[in-house]
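Inspection log for the structure reproduced underneath, given as structure tokens.
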Amino acid sequence: MKFLMLLLSLMVRINLGGCESFVKEAEYQQYVDKALVAYDILDSETGAGNDFLGWKTLPSGTPESLLKEMEAVRDCWKEKKVDLVVVIGIGGSYLGARCAIEALSHSFSKQLSSKGDAPEVVFAGNNLSEEYLAELMDLVAERNAACVVISKSGTTTEPAVAFRIVKEHLEKNYKDASERIVAITDAKKGALKTLSNQEGYKTFVVPDNVGGRFSVLTPVGLLPILLAGFDVREMLEGAAEMEKALAVRGEENPAVQYAATRNLLYSVYGKKVEVLVSYNPKFQYLGEWWKQLYGESEGKDGKGIFPASVICTTDLHSMGQFIQDGDRVMFETVVSVENANRSVIIGSDKENLDQLNYLAGEHVEHCNAMAQLGTKLAHIDGGVPQIELSIDRLDEKNLGALFYFFEYSCGISAYILGVNPFNQPGVEAYKKNMFALLNKPGYEEQSKAIRERLEK
């Protein structure tokens, strides 16, 4: 039965068996046909937003010279004994890097006495919290700091505010401040590009044909990941393998299967919420990155599947009740890691007061896997369809493949839905109101109208 296809030869594998009892095979085949039409649009680059498809060939097309330039920054800052890098950006300018760094890092690296050679990477410019920025500067003041600022224009409010504050500190405290700032920005224009030229900052380019939420495999994501001590060549290699696999058109293509199934559940069965689930806490920011990718790509024209995320088993003791028994508006996509990188075995206890001796000799991950399987059965019985995606282990190569899989699937899925995957017109609405309320020059009329509205 094609609907139960499990592709064992790919780095990202898909299992649709958790949806079998909810949909008919004929319906699934109908949406596969829709997905193949959308696949052709994406492949031929003839759809809406086709001037933002540069991400498709990043894995195979990233030049060695670019990687060496980024490594030169790493080596320069290592010579300066930089131990803290502040990465400034918002949305797609920080979520991909943070996802990778959180996923690949030791969970307690900050507490361990042996921290390795790589600097600690922290993030700013993703909010306007004064308290957060003040506390960040407490840290920056105590450390040997450098900064990566990411902005296409250089005028986006959140990163621009953070950069002004961090830049002022670097200029006051380091004679070589300009060598401690790297800008990732437009190739030719914009405030940040102009400033970089004036001050002599090292720059990398945000490609014109790659939108922010698809930029994790550009210097936007690769440079912070590299600075944090991880192998971006391996990440690109994994993504390149996925690029090659997804270039094969057909019903067995996992991106086609994923896009077809989620749109079928949404359009025919009213499943308007997709919950990304992982049983590995290192994937918390995978959920955050994925939510932006799908939410900003599909949520327009009154359409779209609402993306949510949980980390289990933790959230089974909070959100689990709603998922099991709440309004039946959702389906789950579970991302699994098949092989743990570490091993912990449960011991035996003579008193057995905790009644766990039946688990003596088992790996903790075995318990995690059985919790996942038990939850799958319970949620399916409770009316929640489930898509399963899996990778072999959590490392740079597999994470690169997962990034590319979700990006490609997103393009197909949005075209099935009938929206432009690569624009975000709704994002501008809050900015206009905020600028007016802050009395930004040029917004005087809107400021007056808003204040009159608020006074009523």
Side-chain angles (χ1 to χ4, degrees), residues 74 77-78 81-87 94-124 126-127 129 131-132 135-148 216 221-232 234-235 276-290 309-319 335-347 349 354 356 359 362-369 371-372 391-400 402-403:
R74 176 199 62 194
W77 287 356
K78 186 175 182 179
K81 302 187 184 302
V82 168
D83 63 6
L84 182 77
V85 175
V86 182
V87 175
Y94 100 101
L95 280 171
R98 186 158 193 179
C99 167
I101 292 169
E102 296 274 349
L104 298 171
S105 294
H106 191 293
S107 298
F108 302 99
S109 58
K110 296 174 186 176
Q111 290 82 19
L112 288 170
S113 57
S114 177
K115 298 181 180 180
D117 294 332
E120 181 180 357
V121 175
V122 296
F123 295 88
N126 50 24
N127 61 67
S129 166
E131 191 163 1
Y132 180 90
E135 291 173 352
L136 172 73
M137 296 313 297
D138 290 342
L139 176 66
V140 171
E142 290 192 359
R143 303 284 286 275
N144 188 347
C147 167
V148 176
V216 63
L222 295 179
L223 180 60
I225 295 167
L226 185 152
L227 292 171
F230 301 109
D231 191 338
V232 295
E234 281 287 302
M235 185 168 288
L276 192 77
V277 184
S278 176
Y279 285 74
N280 191 323
K282 289 176 176 285
F283 269 161
Q284 178 182 350
Y285 269 87
L286 175 68
E288 299 303 313
W289 173 82
W290 173 86
S309 64
V310 296
I311 296 292
C312 295
T313 61
T314 304
D315 286 335
L316 292 176
H317 296 261
S318 56
M319 294 300 294
V335 181
S336 300
V337 180
E338 295 175 3
N339 295 292
N341 290 321
R342 303 291 297 273
S343 174
V344 178
I345 295 175
I346 301 169
D349 182 83
D354 55 13
L356 288 179
L359 294 175
E362 291 286 2
H363 287 268
V364 173
E365 195 58 34
H366 171 73
C367 300
N368 200 28
Q372 179 175 337
I391 57 175
D392 177 54
R393 63 179 62 254
L394 187 46
D395 58 20
E396 292 95 330
K397 190 172 183 179
N398 281 279
L399 192 56
L402 194 58
F403 279 142

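In what follows, residues are counted from 1 in the order of the sequence shown.
Taking the side chain as every heavy atom from C-beta outward, Leu286 and Asn280 never approach each other to under 4.5 Å. Residues Glu120 and Val122 meet the side-chain proximity criterion, which asks for heavy atoms closer than 4.5 Å. Counting heavy atoms from C-beta outward, Glu102 and Gln284 have side chains that stay 4.5 Å or more apart. Contact of the Phe230 side chain with the Leu399 side chain is not registered, since no non-hydrogen atoms from C-beta on lie closer than 4.5 Å. A heavy-atom distance below 4.5 Å is found between the side chains of Leu359 and Cys367. By the 4.5 Å heavy-atom criterion applied to side chains, His363 and Ser343 are counted as neighbours.
A donor-acceptor pair under 3.5 Å is formed between the side chain of Asn144 and the backbone N or O of Lys81. Judged purely by atom type and a 3.5 angstrom limit, Asp315 uses its side chain to pair as donor or acceptor with the backbone of Ile311. Within the 3.5 Å criterion, the main-chain N or O of Glu234 finds no donor-acceptor partner in the side chain of Glu396.
Looking at residues two or more places apart in sequence or on another chain, you find a side-chain hydrogen bond (donor to acceptor under 3.5 Å, both in side chains) between Glu338 and Arg13, Ser390. Looking at residues two or more places apart in sequence or on another chain, you find a side-chain contact (heavy atoms from CB on, under 4.5 Å) between Asn368 and Tyr279, Thr313, Glu365. Listed by chain and residue number, nothing satisfies the side-chain hydrogen bond (donor to acceptor under 3.5 Å, both in side chains) test with Lys282 (two or more places apart in sequence, or in another chain).
Tested against Arg393, the residues Asn339, Asn398, Asn341 include a single side-chain hydrogen bond (donor to acceptor under 3.5 Å, both in side chains) partner, Asn341.
In this structure, CD on Glu362 lies 12.0 Å from CG on Leu356, to the nearest 0.5 angstrom. Separating the CD atom in Glu142 from the CG atom in Asp83 is a distance of 10.5 Å, to the nearest 0.5 Å. To the nearest 0.5 angstrom, Cys99 atom SG is 8.5 Å from Leu104 atom CG.
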### Task
Go through the steps to decide whether Leu227 and Val87 satisfy the test side-chain contact (heavy atoms from CB on, under 4.5 Å), and finish with yes or no.
CA-CA 10 Å; Leu227 292 171; Val87 175; 5.9 Å; no

### Task
For side-chain contact (heavy atoms from CB on, under 4.5 Å), just list the numbers for Phe283 and Val337, CA-CA rounded to whole Å, side-chain angles, deciding distance to a tenth of an Å, and then say yes or no.
CA-CA 10 Å; Phe283 269 161; Val337 180; 3.7 Å; yes

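For the pair Arg98 and Glu288, the salt-bridge criterion is not met [side-chain N within less than 4.0 Å of a carboxylate O].
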